[in-house]
Amino acid sequence: MGGIQMIKLFLTDVDGCLTDGGLYYTEDGKESKRFCVYDGMGMVLLQKMDVPCGIITSETSDMVRYRAEKLNLRFLRMGVGRKIGDSTVTKLQACQEICDELGITLQDVCYVGDDVNDIDLLEAVGLPACPASARPEVKAIRDIRVLKTPGGQGAIRELIDDLMKQ
């Protein structure tokens, strides 16, 4: 696996990657998520090395927006994969739009995903990765980096630390 010098963009999914994939509900029906601070710090460190970071998710929640804002992430694409009007933007299309904006290719991207809606994007990027807790279909992707850590427990940080060491 190449090091940080090969990455020009770092993107991740939310549920199952930045979180443990669980949804928590209060008695009044409000949803909450648990994010790992180690993952957040990893993304902050990458950004300090001039590697833009972001989130691509089908999720559409204020919690995700708050987390992205707190980490000063450059890119946040929510509701991806959901039908909007007559069209549906896939995660791969959303990533390609970001790449076009930055003037880079998909081969310059590291993406972390964990479920079937991430497969097309994972198969297209230069450095695909998934948490230990990812779905078997994702772990079976050719050349994917299967991390030792489950999602929401520092998997993102594990990958970033490894990239920074190489």
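Since the model is a prediction, treat every value here as computed from it, not as a measurement.
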*Asks:* Between Gly151 and Ser133, which heavy-atom pair has the shortest distance, and what is it?
*Replies:* N-OG, 2.9 Å

*Asks:* Does the pair Lys91/Asp118 count as a salt bridge with the N-to-O cut at 4.0 Å?
*Replies:* yes

*Asks:* Could you list the residues that satisfy side-chain contact (heavy atoms from CB on, under 4.5 Å) with Glu27, not counting sequence neighbours?
*Replies:* none

*Asks:* For Gly113 versus Leu122, what's the shortest heavy-atom pair and its separation?
*Replies:* N-CD2, 3.9 Å

*Asks:* Is any side-chain heavy atom of Leu106 closer than 4.5 Å to one of Cys95?
*Replies:* yes

*Asks:* Hey, are the side chains of Leu92 and Gln96 touching, using non-hydrogen atoms and a 4.5 Å cut-off?
*Replies:* no

*Asks:* Following the transitive rule for hydrophobic clusters with a side-chain heavy-atom cut-off under 4.5 Å over Ile, Leu, Val, Met, Phe, Trp and Tyr, establish whether Leu71 and Met49 coincide in one cluster.
*Replies:* yes

*Asks:* Just to verify, what does Asp161 make a salt bridge (charged side-chain N to carboxylate O under 4.0 Å, His left out) with, not counting sequence neighbours?
*Replies:* Arg157

*Asks:* Name the residue from Lys33, Arg67, Arg135 that meets the salt bridge (Lys or Arg N to Asp or Glu O under 4.0 Å) definition with Asp15.
*Replies:* Lys33

*Asks:* Minimum heavy-atom separation for Pro131 to Asp114, with atom names?
*Replies:* CD-CB, 4.1 Å

*Asks:* Report yes if the side chains of Met43 and Leu46 come closer than 4.5 Å at any heavy-atom pair, otherwise no.
*Replies:* no

*Asks:* Mind checking whether Ile56 and Phe75 have side chains closer than 4.5 Å, heavy atoms only?
*Replies:* no

*Asks:* Do Thr57 and Met78 make a side-chain contact, defined as non-hydrogen atoms from C-beta onward lying under 4.5 Å apart?
*Replies:* yes

*Asks:* Is the shortest heavy-atom distance from the side chain of Asp115 to the side chain of Asp13 under 4.5 Å?
*Replies:* no

*Asks:* Side chains of Val14 and Met63: does their closest heavy-atom pair fall under 4.5 Å?
*Replies:* no

*Asks:* Mind checking whether Val138 and Ile119 have side chains closer than 4.5 Å, heavy atoms only?
*Replies:* yes

*Asks:* When Leu9 is tested against each of Leu102, Thr105, Asp108 for side-chain contact (heavy atoms from CB on, under 4.5 Å), which residue passes?
*Replies:* Leu102

*Asks:* Test of understanding: with salt bridge (charged side-chain N to carboxylate O under 4.0 Å, His left out), list the residues that count as partners of Glu97, not counting sequence neighbours.
*Replies:* none

